[in-house]
J.: 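Sharing a structure below in structure tokens format, with a few things to ask.
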Number of protein chains: 2
Amino acid sequence: MAVRDTLDVVGGKWKLLIIIAISSGNSRFREIERSIPKISSKVLADELKELEQHDLIKRTVYDASPVIVEYTVTPYSDTLKKVVDSMIEWGTNHRKRIMGKEKVKV
Amino acid sequence: MAVRDTLDVVGGKWKLLIIIAISSGNSRFREIERSIPKISSKVLADELKELEQHDLIKRTVYDASPVIVEYTVTPYSDTLKKVVDSMIEWGTNHRKRIMGKEKVKV
DNA sequence: CAGAATCCTTCGCGATACTG
DNA sequence: CAGTATCGCGAAGGATTCTG
């Protein structure tokens with residue numbers, strides 16, 4: 001099933017959030033880490049590797065001192081736009097729905 | 001973040017697959033279980049409860065002997081259509097890309 | 001800063017058996 | 001059939017420390 005394939009690549013707790021963070025302008029490791037609440041550096045490092053293997057992000061090392069590493073999204077990750085946008089839309093709407101309900105529901 | 005809200009509700013390994021299974025015409029517990037490879041009855045039971053709490057599926061008990069229980073998707077679950085469709089589309093394309101190794105261009 | 005290494009905890013998920 | 005009850009593994013995730 002196709003949905004399963006998608007979940008295998010961008011499922012889990014962090015991957016889409018990381019892609020969003022990078023595409024929002026956070027390119028440095030610490031920037032990404034700070035922009036995602038509650039993520040640890042170990043988890044971030046692990047996830048970045050997987051995303052790079054799937055060609056969804058690109059890691060570039062600049063030979064400075066100290067060394068500078070930049071993460072950017074790849075053109076391929078743009079194909080996830082529909083997925084991300086639909087999830088943003090649904091989540092936004094769902095939050096409104098929950099908010100409106102709690103004053104009526106027990 | 002909105003995506004996080006969406007992941008909290010339909011994230012994880014099974015929830016979207018269950019919704020798809022039910023909306024595809026599987027309404028009985030064992031039908032759903034059989035239509036989703038590798039899922040166990042415990043996991044299915046747990047997930048069904050959560051989905052019902054989020055008003056994404058409806059559980060109806062018919063007083064027969066033996067008792068008949070039917071699961072159906074709710075109108076609210078239709079709002080997930082965009083999410084599901086975009087994931088099906090992406091997963092399908094991604095599989096082609098993996099198979100063709102570079103043949104499928106973005 | 002950008003991670004690697006290590007250790008530890010949580011719990012999602014699974015296998016099996018059993019009940020009404 | 002439609003679940004529940006246990007038991008428990010393994011992996012995801014977390015905390016801390018350390019290195020270049």
Side-chain angles (χ1 to χ4, degrees), chain A residues 1 3-22 24-54 56-73, chain B residues 1 3-22 24-54 56-73:
Chain A
M1 169 161 310
V3 168
R4 171 48 65 78
D5 292 337
T6 302
L7 291 174
D8 287 343
V9 179
V10 293
K13 202 172 172 180
W14 301 111
K15 294 206 179 63
L16 284 178
L17 299 181
I18 293 171
I19 290 175
I20 292 172
I22 296 177
S24 299
N26 301 288
S27 55
R28 310 290 294 276
F29 189 91
R30 298 294 174 199
E31 278 180 355
I32 302 169
E33 187 176 8
R34 268 183 261 109
S35 75
I36 303 177
K38 304 285 188 184
I39 200 168
S40 69
S41 43
K42 181 210 167 204
V43 170
L44 179 56
D46 291 348
E47 300 283 66
L48 285 172
K49 277 178 200 161
E50 286 183 52
L51 290 173
E52 195 190 358
Q53 282 172 13
H54 286 295
L56 291 170
I57 63 171
K58 185 176 189 329
R59 180 178 187 271
T60 309
V61 183
Y62 294 98
D63 195 8
S65 177
V67 69
I68 292 176
V69 179
E70 269 192 7
Y71 292 93
T72 52
V73 292
Chain B
M1 172 163 305
V3 167
R4 159 69 60 223
D5 292 337
T6 302
L7 291 174
D8 286 343
V9 179
V10 294
K13 202 172 172 180
W14 301 112
K15 294 204 179 64
L16 284 178
L17 299 181
I18 293 170
I19 291 175
I20 292 172
I22 297 177
S24 299
N26 301 287
S27 54
R28 311 291 292 276
F29 189 91
R30 297 294 175 198
E31 279 181 353
I32 302 168
E33 188 175 9
R34 267 183 262 109
S35 75
I36 302 177
K38 304 287 187 181
I39 199 168
S40 70
S41 41
K42 183 211 167 203
V43 169
L44 178 55
D46 291 349
E47 300 283 66
L48 285 172
K49 277 177 198 162
E50 285 183 52
L51 289 173
E52 195 191 358
Q53 282 172 10
H54 285 296
L56 291 170
I57 63 171
K58 185 177 192 320
R59 180 179 186 271
T60 310
V61 183
Y62 294 99
D63 195 7
S65 177
V67 70
I68 291 175
V69 179
E70 270 192 8
Y71 292 92
T72 52
V73 291

J.: What I want to find out is whether A:R30 reaches A:E33 closely enough, with some N-O distance under 4.0 Å, to be called a salt bridge.
T.: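 A salt bridge is present here (some side-chain N lies under 4.0 Å from a carboxylate O).
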
J.: Tell me, please, the opening and closing nucleotides of DNA chain D, 5' to 3', among those with an atom under 4.0 angstrom from a non-hydrogen atom of chain B.
T.: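 Result: D:dC1 to D:dT6.
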
J.: Kindly compute the distance separating CG (A:L48) from CG (A:L44), expressed to the nearest 0.5 Å.
T.: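 Atom-to-atom, A:L48:CG and A:L44:CG are 4.0 Å apart.
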
J.: Rounded to the nearest 0.5 Å, what separation is found between the CD1 atom of A:I36 and the NZ atom of A:K13?
T.: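 Result: 12.0 Å between the selected atoms.
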
J.: How long is the straight-line distance from CG of A:L56 back to CD1 of A:I19, given to the nearest 0.5 Å?
T.: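 It is 5.0 Å, given to the nearest 0.5 Å.
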
J.: CD1 of B:I57 to NZ of B:K49: how many Å apart, nearest 0.5 Å?
T.: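 So the CD1 of B:I57 and the NZ of B:K49 are separated by 11.5 Å.
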
J.: Let me confirm one number: the CG-CH2 distance from B:L7 to A:W14, rounded to the nearest 0.5 Å.
T.: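 Here the rounded value is 10.5 Å.
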
J.: Can you give one letter per nucleotide of nucleotides 1-20 of chain C, 5' to 3': B if a protein heavy atom sits under 4.0 Å from the base, S if only from the sugar-phosphate, - if neither?
T.: SBBS-B------BBB-----

J.: Give, for atom CD of B:E47 and atom CD of B:E52, the distance between the pair rounded to the nearest 0.5 Å.
T.: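 Going from CD on B:E47 over to CD on B:E52, the span is 13.5 Å.
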
